[in-house]
Number of protein chains: 2
Amino acid sequence: MTFIDRPLVGENKISDATVRRLSLYYRSLKYAYDRGMRTISSQELADMNNLTAAQVRKDLSFFGAFGRRGLGYYVADLQRNIARIIGINKTWNVALVGAGNIGRALLDYDQFRQQGFLIKVLFDNDPTKIGKTFQGLEVKDFGNVAEEIKQNKIKIAIIAVPAQFAQSVVDRLIGCKVRAVLNFAPITLQVPENIWVRNENMAIEIEALSFALTNRRDPTRTI
Amino acid sequence: MTFIDRPLVGENKISDATVRRLSLYYRSLKYAYDRGMRTISSQELADMNNLTAAQVRKDLSFFGAFGRRGLGYYVADLQRNIARIIGINKTWNVALVGAGNIGRALLDYDQFRQQGFLIKVLFDNDPTKIGKTFQGLEVKDFGNVAEEIKQNKIKIAIIAVPAQFAQSVVDRLIGCKVRAVLNFAPITLQVPENIWVRNENMAIEIEALSFALTNRRDPTRTI
DNA sequence: AATTGTGAACCTCTTCACAGCT
DNA sequence: AGCTGTGAAGAGGTTCACAATT
């Protein structure tokens, strides 16, 4: 059955790791459906992501009882449910701050668009960039951030500016009622309790590989 | 004192979370040194990264006793030690597969270069791209991957190709003795036990923000 | 007086194992 | 017979609290 029988907020705490895995399951279900699978077992979902079947069932069980004993999960049904749980059953307008290399690459990043994250405004503070157009989107002056954010009803912003500017950018965004930030700057942002930040630090990931090759004997896998 | 008094391999298991935090400490130490700080306490390092002082001390203690009671840590000394632990006290030659938007953005990503990850070869399989030059690097035919990898003594590769090609690319790279992979394709790669993979999935991060805004009341911070 | 290094306590996440359902 | 859902057990990671050191 397709209902959520538990509260998702407050003291009922869904771990970060579980949330990340939901995204993996969502992709696996898409993949499975495209290949004609109409039901899928926790074991199959686990195998596709190098996890255990118990882990998959436990993760899903936090949100409801989506499966059928003896059968597994209906692929389309579970996919819809996960989309709703993650909040990608609708679109999100997103602001992107920073029209440098990373920013411009993200403008054309299919995975965002496909999951309903639509980059609606592109900001920079460089006068030589303001007014230019990338991927059909005009670079706006970050000085006018407030009105653009409001006009586009933006709750999620992506920060792709050099480290030294990132904190002031996030402060300004929060002042404009932005609630969540995907941060590509290699610095830990200080934000109030009610603001969400995820850091995308590619150097940290490659450094973890360096550490592994330098020190470790046996590999472990991570998301 | 600056020595490592514990084995870093085998049953002595350093958690992934600790390794990621080492990278954060390394950046914080750089920042602190640039601002003239010569010693730093675990509390200061913690504050810079929204962690606890105990966490910082515990992480460092896995590798040795680097601090001085009553004083803290010598900034330059600790930075050097962490660089050596992570394995970024030398340079790594890196191969980049995929000359699309993401790949080209990474070519010019300062954080890689600064930490000694040098992209030495750029591959693609698109005949319209092969032979072109981006950031001074000529796109090579992925068909010739073996010789280029060998010539450049490459152990770490970055995969920035569409999802459907990622598995065959990684299989091929492993055949060329590549030991570690930073994967930007939104798919779980299947690799042998002795190969290291880190996934950089930007859609997963933004989906975590969507989940938070959709479901959660109280923010938590993550790396 | 200040701060580290660390065993122990605590907490969180994962895995086990099996009852319960189809 | 097959597979889920879940309480309990187990493993792993974080925080506490304090002795040790400068």
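What you see is a predicted model; the values in this text were computed from it and never measured. Sequence lines set the chain letters: A, B, ... in the order given, protein chains first and strands last, and positions in each chain run from 1. Both backbone and side-chain heavy atoms feed into the values below; hydrogens, waters and symmetry mates do not.
- When heavy atoms are screened at a 4.0 angstrom cut-off, A:T18 is found touching no nucleic acid atom at all.
- When each of A:Q55 and A:L71 is assigned the nucleotide of DNA chain C with its nearest heavy atom, A:Q55 is the one assigned upstream, toward the 5' end.
- At a threshold of 4.0 Å, the pair A:E207-B:R20 does not count as salt-bridged, since none of the basic side-chain nitrogens sits closer than that to a carboxylate oxygen.
- Of all heavy-atom pairs between A:A212 and B:W196, the closest is CB-CD2, 3.4 Å.
- Taking for each of B:G70 and A:G70 the nucleotide of DNA chain C with the nearest heavy atom, the 5'-most of the two is the partner of B:G70.
- Put simply, the residue from A:L173, A:V121, A:V181 that forms a side-chain contact (heavy atoms from CB on, under 4.5 Å) with A:V97 is A:L173.
- Near DNA chain C, meaning a heavy atom under 4.0 Å from it, residues 31-38 of chain B has no residue at all.
- In this model, the phosphate group of D:dG2 is not approached by any side-chain N or O of A:Y73 to a distance below 4.0 Å at OP1 or OP2.
- Rounded to an integer number of Å, the gap from CZ of A:F66 to C1' of D:dC3 is 17 Å.
- Distance from the side chain of A:A17 is smallest for C:dT14 among the nucleotides C:dT14, D:dG5, C:dC16.
- The side chain of A:S41 approaches D:dC3 more closely than any other nucleotide in the set D:dC3, C:dC18, D:dC16.
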B:N152 vs B:N93, side chain to side chain donor-acceptor pair (under 3.5 Å): CA-CA, chis, key distance, verdict: CA-CA 7 Å; B:N152 289 283; B:N93 287 351; 5.0 Å; no
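- Protein atom CZ of A:R20 is 12 Å distant from nucleotide atom P of C:dT14, rounded to whole Å.
- B:R27 and A:A203 make their closest contact through NH2-CB, 3.1 Å (heavy atoms, listed as atom of the first residue, atom of the second, distance).
- Note: CG (B:L51) to P (D:dT15) measures 8 Å, nearest angstrom.
- The side chain of B:R21 contributes an N or O atom lying less than 4.0 Å from OP1 or OP2 of D:dT14.
- As rounded to whole Å, 13 Å separates atom C1' of D:dT4 from atom CD of A:Q43.
- Distance B:F62 CZ to C:dG7 P: 11 Å, rounded to the nearest Å.
- For B:L60 and C:dG5, the CG to P distance is 8 Å, given to the nearest whole Å.
- Taking 4.0 angstrom as the limit, B:S42 places a side-chain polar atom (N or O) nearer than this to OP1 or OP2 of C:dT4.
- As a whole-Å value, the separation of A:D16 CG from D:dG12 P is 20 Å.
- Note: NZ (B:K58) to P (C:dA8) measures 11 Å, nearest angstrom.
- Closest to the side chain of A:T52, from the set C:dC18, C:dT15, D:dA17, is C:dT15.
- Here D:dA17 is the nucleotide among C:dT15, D:dA17, C:dC18 with the atom lying nearest to any side-chain atom of B:R57.
- Here the shortest heavy-atom pairing between B:L60 and B:F66 reads O-CE1, 3.7 Å.
- Tested against A:N183, the residues A:N201, A:N199, A:T188 include a single side chain to side chain donor-acceptor pair (under 3.5 Å) partner, A:N199.
- The B:R69 side chain lies nearest to D:dT21 when the options are C:dT15, D:dT21, C:dC18.
- Of the listed residues (B:R57, B:K58, B:Q55), just one forms a side chain to side chain donor-acceptor pair (under 3.5 Å) with B:S42, and that residue is B:R57.
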